[in-house]
Colleague: 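Attaching a single structure in structure tokens format; questions to follow.
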Amino acid sequence: MHDPISTAKQQVRKLVLAAFDEAKLEGALPDFPMPDFAVDLPAETSHGDFAVNAALVSAKPFSMSPRDIAQALFERIKLADSLFSKAEIAGPGFLNFFTDSRFCSDVVLQILREKDGYGRTDTLHGEKIMVEFVSANPTGPMHLGNARGGALGDCLASVLETAGARVTREFYVNDAGNQIEKFACSLEARYLQLYKDDIPFPEDGYQGEDITRRAEEFAEINGDSYLSAAPQARRDALVAYALPANIEQLRHDLETYRIHYDVWFRESSLYESGLVNKVLGILKDKGATYENDGAIWYKATDYGAEKDEVLVRSNGIPTYFAADIAYHYDKFAVRGFERVINVWGADHHGHVSRLKGAMNAIGLDGSKLDVVLMQLVRLVRDGEPVRMSKRTGKAITLTDLLEEIPIDAARFFFNLREPKSHFEFDLDLAVKESSDNPVYYVQYAHARICSILKNLDAQGYETDNFDGCDLSLLCEPDELALIKHLAKLPFEITAAACEYDPARITRYTVELAGMFHRFYTSCRVKDCEADLCLARTALCRATKQVVANCLALLKINAPESM
RNA sequence: GUCUUUGUAGCUCAGUUGGAUAGAGCGUCCGCCUCCUAAGCGGAAGGCCAGCGGUUCGAAUCCGCUCAAGGACACCA
């Protein structure tokens with residue numbers, strides 16, 4: 001529950017502000033408030049562990065040169081009893097702070113103590129958050145966009161949990177509305193085609209083989225008994241069979257992908273509970289609707305939109321938009337989520353402001369809804385783009401993908417980049433079980449550590465009890481770099497949670513693996529002096545713990561051997 | 001046309017919210033196993049941060065315009 005980086009940053013800030021107050025009292029600096037300044041982690045190790053730009057940002061208001069301000073502050077900074085052993089003025093006026101060896105020792109001890117709890121913070125204070133993701137249409141199998149959305153949403157939820165939120169993972173089942181109608185007509189055509197020639201397939205129907213397969217399954221159970229049934233009854237029966245089967249398939253495929261939902265929320269339940277009508281009533285009472293051409297419209301233009309939207313079609317059936325407003329009413333007003341995050345494909349971006357506006361219109365706070373827009377995936381094989389339209393039926397499905405590449409690789413790759421990046425998924429690379437593939441690089445680090453510990457253990461070395469271990473012996477550059485990176489995990493979790501970017505953790509893990517491999521190459525654990533050996537064993541164990549914690553969060557296996 | 005995302009090494013991408021000499025992986029070239037896993041490590045080459053202006057101590061990052069690519073603009077979801 002403790003973040004070493006944030007703690008150190010706060011201490012730096014306090015030290016600088018105390019020095020500033022003293023300098024003001026002594027007349028060395030003018031009696032102005034200190035402007036906001038940053039405490040950064042420099043990329044360059046020679047710039048110390050924490051860099052402060054206070055002197056640069058205050059140069060103008062103080063009408064002084066940055067170096068002079070830095071000097072005045074530097075002379076009054078008291079490092080006694082702090083986490084730092086040294087401060088210095090550098091470059092145009094930065095104040096750089098160097099951590100004491102105690103900082104690194106404490107980090108290793110903290111990890112060994114907190115074990116799989118290391119990385120957790122209370123940043124979000126138990127906030128009740130829903131993450132709704134994938135929510136693929138139950139009219140067919142999932143595609144690669146769902147694969148990305150799944151890995152992203154699931155890991156985002158994990159990151160929020162690790163940052164202290166109470167998170168619900170939810171799948172919105174679109175089991176009502178137009179696409180179900182289309183689904184029914186497609187199934188009906190396939191069913192009839194089993195028995196008759198010259199049955200036309202609907203022009204806008206779902207052409208996937210899965211539809212044909214469901215129709216065949218239905219025929220195996222019911223035979224031709226529905227040939228003579230009334231069309232509506234026939235379609236209802238087909239949907240009553242195929243829809244639950246499809247939903248079960250979605251659930252199964254997602255479980256295979258290691259995604260487990262807390263709630264499967266059905267769109268149809270919004271009609272059954274009357275919530276859609278209730279929300280339409282609220283909008284009407286607020287005067288936010290009007291009638292035109294037999295349809296009920298929502299005055300979106302009153303709430304910042306460019307044009308109005310249909311809520312109820314002239315045929316009396318509410319639109320998806322109406323149901324979505326009701327759905328979000330349910331999320332906030334009925335179930336009391338403090339924050340809701342929806343992971344959507346970027347092709348839905350136009351819907352974001354409309355929905356938020358409508359939430360405001362019915363008295364909710366649209367700013368509590370955050371939508372993570374994810375750019376769609378472009379699949380590439382042999383350097384050629386692969387089309388993935390559901391309607392062509394030639395789509396690569398999530399299931400196809402997972403048969404072709406390991407789940408570890410899929411989850412890793414789909415979480416390697418920011419949601420908003422235009423993603424090019426190289427199938428050939430993901431399939432490769434070689435060092436080109438970064439997931440193996442990370443897993444190998446874990447396996448390597450396990451192997452070291454196993455060897456030490458077999459030879460009678462202590463690998464689990466580090467009482468009295470002198471961790472200050474860890475002072476090689478590669479050791480310090482590794483420990484300082486270990487220290488960043490809680491900070492990275494917080495950043496990933498705040499920025500809705502779980503890919504930060506994947507990248508952090510790759511960097512961590514690299515630092516371990518470097519440490520491994522330059523520092524031998526075995527065959528060195530006993531105290532140093534014990535300290536390095538402790539560092540190995542701590543590193544193993546952090547790699548394992550990250551991979552657990554991403555739901556990627558951490559192998560003991562490879 | 002309007003809105004939106006993106007443009008950084010040959011390729012795929014980072015860049016800690018405006019900081020110091022712009023980084024990593026892959027690919028290319030050159031090295032490193034008598035030794036805890038070489039699925040590893042080190043080094044070299046590779047850049048007008050799409051372009052032009054602006055804001056200030058300081059810009060890949062912020063604000064305009066231009067160019068290029070993806071996406072959205074339904075009584076679909």
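Here is the naming used below: chain letters follow the sequence lines, and residue numbers restart at 1 for every chain. As a basis for the values below, the full set of heavy atoms in this structure was taken, side chains included, without hydrogen atoms, waters or symmetry mates.
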Colleague: Would you mind telling me which of B/C36, B/C13, B/G71 lies closest to the side-chain atoms of A/His349?
Modeller: B/G71
Colleague: Think A/Arg448 has a side-chain N or O under 4.0 angstrom from the OP1 or OP2 of B/U37?
Modeller: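 Answer is no, no contact under 4.0 Å.
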Colleague: Applying the 5.5 Å / 30° rule, does A/Phe94 stack onto the base of B/A20?
Modeller: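 A/Phe94 vs B/A20: stacking yes.
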Colleague: Verify the contact: side-chain N or O of A/Arg518 to OP1 or OP2 of B/G42, cut-off strictly under 4.0 Å; return yes or no.
Modeller: yes
Colleague: Considering every strand and a 4.0 Å limit on heavy-atom distances, what is the contact class for A/Ala38: base, sugar-phosphate, or nothing?
Modeller: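 No contact at all - A/Ala38 keeps every heavy atom at 4.0 Å or more from the nucleic acid.
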Colleague: Between B/U6 and B/G40, how far apart are the two P atoms, rounded to whole Å?
Modeller: 33 Å
Colleague: Using a cut-off of less than 4.0 Å, is there contact between a side-chain N or O of A/Tyr508 and OP1 or OP2 of B/A14?
Modeller: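 For B/A14, neither OP1 nor OP2 has a side-chain N or O of A/Tyr508 closer than 4.0 Å.
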Colleague: Would B/C33 be called syn or anti, given that syn covers angles within 90° of 0?
Modeller: syn
Colleague: Go nucleotide by nucleotide along RNA chain B from the 5' end; which of A/Leu456 and A/Gln375 gets its closest nucleotide reached first?
Modeller: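 Taking each residue's closest nucleotide, the earlier one in sequence belongs to A/Gln375.
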Colleague: Any side-chain N or O of A/Ser451 below 4.0 angstrom from OP1/OP2 of B/U37?
Modeller: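 Indeed, a polar side-chain atom of A/Ser451 lies that close.
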Colleague: If the cut-off is 4.0 Å, is A/Tyr441 near the phosphate of B/C41, judged by side-chain N/O to OP1 or OP2?
Modeller: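 A/Tyr441 to B/C41 OP1/OP2: side-chain N or O found under 4.0 Å.
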Colleague: With syn defined as a glycosidic angle within 90° of 0 and anti as everything else, classify B/U28.
Modeller: anti
Colleague: Using a 4.0 Å heavy-atom cut-off across all strands, classify A/Asp293 as base, sugar-phosphate, or nothing.
Modeller: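 The residue A/Asp293 makes base contact.
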Colleague: Considering every strand and a 4.0 Å limit on heavy-atom distances, what is the contact class for A/Arg354: base, sugar-phosphate, or nothing?
Modeller: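 The answer is base, as A/Arg354 lies within the cut-off (heavy atoms under 4.0 Å) of a base atom.
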Colleague: Just N and O in the side chain of A/Asn178: are any of them under 4.0 Å from OP1 or OP2 of B/C76?
Modeller: yes
Colleague: Of all the nucleotides listed (B/G40, B/U6, B/U16), which has the minimum atom distance to the side chain of A/His422?
Modeller: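 For the A/His422 side chain, the nearest candidate turns out to be B/U6.
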Colleague: Compare the minimum distances between each of B/C35, B/U37, B/U6 and the side chain of A/Asp527, then state the nucleotide with the smallest one.
Modeller: B/C35
Colleague: Heavy atoms only, 4.0 Å cut-off, all strands: where does A/Arg507 land among base, sugar-phosphate and nothing?
Modeller: sugar-phosphate
Colleague: Looking at A/Lys488, I'd like to know whether one of its side-chain N or O atoms comes within less than 4.0 Å of OP1 or OP2 on B/U16.
Modeller: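 For B/U16, OP1/OP2 do not have a side-chain N/O of A/Lys488 under 4.0 Å.
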Colleague: Does the pair A/Arg524/A/Asp527 count as a salt bridge with the N-to-O cut at 4.0 Å?
Modeller: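 Yes.
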Colleague: Applying a 4.0 Å non-hydrogen cut-off, can you work out what A/Ala295 is touching in the nucleic acid: base, sugar-phosphate, or nothing?
Modeller: base
Colleague: The side chain of A/Val310 lies closest to which of these nucleotides: B/A77, B/U6, B/C75?
Modeller: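 The listed nucleotide nearest to A/Val310's side chain is B/C75.
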Colleague: Can the ring centres of A/His517 and A/Tyr441 be said to be less than 6.0 Å apart?
Modeller: yes
Colleague: Mind checking whether A/His351 and A/Trp344 have parallel, tilted or perpendicular rings, split at 30° and 60°?
Modeller: tilted
Colleague: Pairing donors with acceptors under 3.5 angstrom, does anything connect the side chains of A/Asn178 and A/Tyr320?
Modeller: no
Colleague: What contact category does A/Asn53 fall into here, base, sugar-phosphate, or nothing, at under 4.0 angstrom with non-hydrogen atoms?
Modeller: base
Colleague: Measuring to OP1 and OP2 of B/C76, would you say a side-chain N or O of A/Arg313 lies under 4.0 angstrom away?
Modeller: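 Yes.
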Colleague: What is the distance from OH of A/Tyr327 to C1' of B/A77, rounded to the nearest Å?
Modeller: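 So the OH-C1' distance, A/Tyr327 to B/A77, works out to 14 Å.
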Colleague: Just name whichever nucleotide pairs with B/C13, Watson-Crick or G-U, keeping both distances under 3.5 Å, else none.
Modeller: B/G23
Colleague: At 4.0 Å (heavy atoms only), tell me whether A/Val57 reaches a base, stays on the sugar-phosphate, or touches nothing.
Modeller: base
Colleague: I'd like to know if A/Asp40 reaches the base of B/G19 with its side chain, counting only an N/O donor and acceptor under 3.5 Å.
Modeller: no
Colleague: For the side chain of A/His517, starting at C-beta, report the closest nucleotide among B/C41, B/G15, B/A77.
Modeller: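 Per side-chain heavy atoms of A/His517, the pick is B/C41.
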Colleague: For the backbone of A/Ile556 and the side chain of A/Asp408, can you confirm whether one donor and one acceptor N or O come within less than 3.5 Å of each other?
Modeller: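 Checking the backbone N and O of A/Ile556 against the side chain of A/Asp408, no donor-acceptor pair under 3.5 Å is found.
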Colleague: Does the structure show A/His47 stacking with B/A20, if we require the centres to be closer than 5.5 Å and the planes to be within less than 30 degrees of parallel?
Modeller: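 Yes.
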Colleague: Base, sugar-phosphate, or nothing: which does A/Asp478 touch, judged by heavy atoms less than 4.0 Å apart?
Modeller: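 Counting heavy atoms under 4.0 Å across all strands, no contact is made by A/Asp478.
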Colleague: Looking at A/Leu250 and A/Ala136, what are the two nearest heavy atoms and their distance?
Modeller: CD1-O, 4.1 Å
Colleague: What nucleotide among B/C75, B/U37, B/C73 has an atom nearest to a side-chain atom of A/Ser314?
Modeller: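 Given the options B/C75, B/U37, B/C73, the side chain of A/Ser314 is closest to B/C75.
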Colleague: So A/Lys60, base contact, sugar-phosphate only, or nothing? Heavy-atom distance under 4.0 Å.
Modeller: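 It contacts sugar-phosphate atoms only.
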Colleague: Looking at every strand, decide which applies to A/Cys523 at a 4.0 Å heavy-atom threshold: base, sugar-phosphate, or nothing.
Modeller: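 Touches a base.
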Colleague: Base, sugar-phosphate alone, or nothing: which one does A/Ala445 contact when heavy atoms must sit under 4.0 Å apart?
Modeller: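 Nothing, no heavy atom under 4.0 Å.
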Colleague: Under 4.0 Å between any heavy atoms, over every strand shown, what does A/Phe321 touch: base, sugar-phosphate, or nothing? Just pick one.
Modeller: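 Since no nucleic acid heavy atom lies under 4.0 Å of A/Phe321, the category is nothing.
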Colleague: Of the options B/A77, B/U37, B/A20, whose atoms approach the side-chain atoms of A/Ile452 most closely?
Modeller: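 The nucleotide sitting nearest to the side chain is B/U37.
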Colleague: Base, sugar-phosphate, or nothing for A/Glu418, non-hydrogen atoms under 4.0 angstrom?
Modeller: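 Sugar-phosphate contact only.
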Colleague: State whether A/Arg507 and A/Glu492 are salt-bridged, where the test is any N-O pair (Lys NZ or Arg NE/NH1/NH2 against Asp/Glu carboxylate O) under 4.0 Å.
Modeller: no
Colleague: Minimum heavy-atom separation for A/Arg266 to A/Ile247, with atom names?
Modeller: NH2-CD1, 3.7 Å
Colleague: With respect to the phosphate group of B/C76, does any side-chain polar atom (N or O) of A/Asn137 fall under 4.0 Å of OP1 or OP2?
Modeller: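 False: A/Asn137 side-chain N/O out of range (4.0 Å or more) of B/C76 OP1/OP2.
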Colleague: Contact class for A/Ser561 vs. all strands (heavy atom < 4.0 Å): base, sugar-phosphate, or nothing?
Modeller: base
Colleague: Does A/Glu267 or A/Tyr444 map to a spot on RNA chain B nearer the 5' end, using the closest nucleotide for each?
Modeller: A/Tyr444
Colleague: Does any donor-acceptor pair link the side chain of A/Asp347 with the base of B/A77 at a separation under 3.5 Å?
Modeller: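 In this structure, the two groups form no donor-acceptor pair.
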Colleague: Establish whether the base of B/C75 is bridged to the side chain of A/Thr319 by a donor-acceptor pair shorter than 3.5 Å.
Modeller: no
Colleague: How long is the line joining CG of A/Asn146 and P of B/A77, in whole Å?
Modeller: 18 Å
